[in-house]
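Reviewing the structure listed below.
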There are 2 protein chains.
Amino acid sequence: MIRLVVADDHPIVRAGLLALFGSEPDIDVVADVPGPDEAVAAAQRENPDVVLMDLQFRARTTTGADATRRIRALDAAPYVLVLTNYDSDADILAAVEAGASGYLLKDAPPHELTTAVRAAAAGESALAPVIATRLLDRMRAPQVSLSSREIQVLELVAAGRSNTEVAADLFVSETTVKSHLAHIYSKLDVSSRTAAVSAARRRGILRQV
Amino acid sequence: MIRLVVADDHPIVRAGLLALFGSEPDIDVVADVPGPDEAVAAAQRENPDVVLMDLQFRARTTTGADATRRIRALDAAPYVLVLTNYDSDADILAAVEAGASGYLLKDAPPHELTTAVRAAAAGESALAPVIATRLLDRMRAPQVSLSSREIQVLELVAAGRSNTEVAADLFVSETTVKSHLAHIYSKLDVSSRTAAVSAARRRGILRQV
DNA sequence: GTGCGAATCGTCCTTTTGGACGATGCCGTC
DNA sequence: GACGGCATCGTCCAAAAGGACGATTCGCAC
């Protein structure tokens, strides 16, 4: 019998997961909690085999990645599966770095969830097919990383500042700003400031406001 | 007995809603469907009192707002409640314009859902408290409100499209796009596209990606 | 110490954007 | 039926942004 803890702030999603695993004879949901801190507590208290955890929690400072890290640091730590709506690079990276053994999407078919839980309980890794594909793409495609100065420029641009204003803010010439922007465009494969901001947000390079 | 149709592309959410309404004696879920087109079909076939519908469907061209519009155009049309993750002005506006009688958030407590369904069945409007608050704020401070067309333009601009591209996307001339942008700038008190996007995000006019 | 990326600054030129005037048709309100 | 807001289209011009060449200096890695 696999002991499972479910952590998600949406009551509807928790109800759905309970219903789903309720019909699986070999999976027992021993706790369902609405927040990351409660998840860590439950992981200590219930001694589960697997924790299924959301990444985003509204109105919480702790993220799912933080909670994952803390759970994986426990003695006899359970495996953690991350379950989220988004498949952004930044999110996946955060989850993997925190020690998750799987990354699942909320719109996945139910059987993907149950097989993933069983795989995780057996100590194996479990990625949603979509995510696996994306990771492979990522490996194939060269990693884009902006320098800290470039990010600084892009943040000001995202805030709506003009090249002249950015130059004044950073005490450099407008030429320099344009030069940074040209590099940013080339790295992100775009050709305008709005497209750059949009691409950077999508990839988690800029704060998601 | 309230006949309810549930439309959401996440199997987990559908399972959760089924479990939730399963324990309500006066609500009968007569169909649960994964897409907007199926929702319209079910609304015709099952003759429900209320349709509970997601706004965003992955990998579909039809949006929840489109489906809502089509359902409300039926004979003996059921009431439509929109259920979504986001509370941006653009989404709310789209839903209301499409004829939704309520707007609910997925992280709402279950009782909000059931009371909203009962209210909708009785022909009343039902808004999540968060949304109601936002609408009231909007009424009190009506200083900035973009027209739906303007929001549409701004969304494309935020996605990094140029004026020419936006014009092509919306089947209008570039002059028209520039005219919309000029109005947007004046309303938001800015003078560039990036500043407009930034201001609109800050005020919740655009979704906080 | 050679090479490389980063940060800085230049010029010249083209494209895009924004501002300042227009104009028309439609719809809803008063 | 007049008025205002919205959406549509136009021209002309100035400013901003972007592309295509440059260039130097400074670290840091090999």
Side-chain angles (χ1 to χ4, degrees), chain A residues 141-201 205-206, chain B residues 65 69 73 89-90 92-94 96-99 138-139 141-201 205-206:
Chain A
Q143 175 81 269
V144 282
S145 76
L146 301 190
S147 75
S148 64
R149 194 60 159 173
E150 285 164 350
I151 292 180
Q152 216 175 350
V153 169
L154 195 51
E155 273 170 351
L156 289 168
V157 168
R161 314 281 288 164
S162 72
N163 289 350
T164 323
E165 289 170 336
V166 173
D169 288 349
L170 300 181
F171 303 107
V172 296
S173 82
E174 192 189 339
T175 308
T176 304
V177 173
K178 293 174 84 168
S179 167
H180 284 311
L181 279 175
H183 290 141
I184 293 172
Y185 295 166
S186 137
K187 285 183 181 178
L188 296 180
D189 192 29
V190 297
S191 56
S192 79
R193 50 214 294 115
T194 43
V197 169
S198 158
R201 267 194 225 287
I205 295 169
L206 284 184
Chain B
R69 217 181 315 273
D89 280 14
I92 299 175
L93 212 67
V96 170
E97 274 180 3
R138 230 185 127 85
M139 308 272 289
Q143 69 287 64
V144 273
S145 80
L146 301 190
S147 75
S148 65
R149 194 59 158 173
E150 287 164 349
I151 291 179
Q152 221 176 347
V153 168
L154 196 52
E155 275 171 348
L156 289 168
V157 168
R161 315 279 288 162
S162 72
N163 290 350
T164 323
E165 289 170 334
V166 172
D169 289 349
L170 299 181
F171 304 106
V172 296
S173 81
E174 193 188 337
T175 308
T176 304
V177 174
K178 292 173 81 169
S179 166
H180 284 310
L181 278 175
H183 291 140
I184 293 171
Y185 296 166
S186 135
K187 285 181 180 179
L188 295 180
D189 192 28
V190 296
S191 55
S192 79
R193 51 215 291 114
T194 42
V197 169
S198 158
R201 268 195 222 287
I205 296 169
L206 286 183

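Here is how names work: the chains are called A, B, and so on, in the same order as the sequence lines, proteins then strands, and each is numbered from 1.
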Completion exercise
Taken to the nearest whole Å, CG/A:Asn163 to P/D:dA16 is 10 Å
Handout entry: Nearest-nucleotide pick for B:Ser148, side chain only, options being C:dT17, D:dA7, C:dG10
Key = D:dA7
Exercise for the section: Give A:Ser147 one of three labels, base, sugar-phosphate or nothing, depending on what nucleic acid heavy atoms sit under 4.0 Å from its own. Expected result: sugar-phosphate
Handout entry: Closest to the B:Leu181 side chain, choosing from C:dG18, C:dT8, D:dA7
Key = C:dG18
Practice task
Could you give me the CA-CA distance, side-chain angles and deciding distance for A:Thr176 and A:Ser173, then say whether side chain to side chain donor-acceptor pair (under 3.5 Å) is met?
Solution key: CA-CA 5 Å; A:Thr176 304; A:Ser173 82; 3.3 Å; yes
Exercise for the section: Provide, to the nearest angstrom, the distance between the CG atom belonging to B:Leu154 and the P atom belonging to C:dG18. Expected result: 11 Å
Practice task
For the side chain of A:Lys178, starting at C-beta, report the closest nucleotide among C:dA6, C:dG18, D:dG19.
Solution key: D:dG19
Problem - Rounded interatomic separation in angstrom, taking NE2 from A:His183 and P from C:dC4 - result: 15 Å
Problem - Nearest to side-chain heavy atoms of B:Thr176, which nucleotide of D:dT8, D:dT11, C:dC9 - result: D:dT8
Problem - B:Ile184, B:Asn163, B:Val153 screened by side-chain contact (heavy atoms from CB on, under 4.5 Å) with B:Arg193, the one that passes - result: B:Asn163
Exercise for the section: For A:Arg193 and D:dA17, give me the distance from atom CZ to atom P, rounded to whole Å. Expected result: 5 Å
Exercise for the section: Identify whether any heavy atom of A:Ser162 sits under 4.0 Å from a base atom; if not, whether one sits that close to sugar-phosphate; answer base, sugar-phosphate or nothing. Expected result: sugar-phosphate
Problem - Nucleotide C:dT16, atom P - distance to OH of B:Tyr185 in whole Å - result: 15 Å
Exercise for the section: Report the distance from atom NE2 of A:His180 to atom C1' of D:dG19, rounded to the nearest whole Å. Expected result: 17 Å
Practice task
Give B:Ser191 one of three labels, base, sugar-phosphate or nothing, depending on what nucleic acid heavy atoms sit under 4.0 Å from its own.
Solution key: sugar-phosphate
Fill in the blank from the handout: By nearest-heavy-atom nucleotide on DNA chain C, the more 5' of B:Thr194 and A:Glu150 is A:Glu150
Practice task
Starting from P on C:dA7, measure out to CD1 on A:Ile151 and report it in whole angstrom.
Solution key: 10 Å
Problem - Interatomic distance, A:Glu174 CD vs D:dG18 C1' [rounded to whole Å] - result: 11 Å
Exercise for the section: Just compare C:dT17, D:dT8, D:dG18 and give me whichever is closest to any side-chain atom of B:Val172. Expected result: D:dT8
Exercise for the section: Pick base, sugar-phosphate or nothing for B:Thr175, based on heavy-atom distances below 4.0 Å to the nucleic acid. Expected result: base
Exercise for the section: Map B:Ser192 and B:Ser173 onto DNA chain D by nearest heavy atom, then report which one ends up closer to the 5' terminus. Expected result: B:Ser173
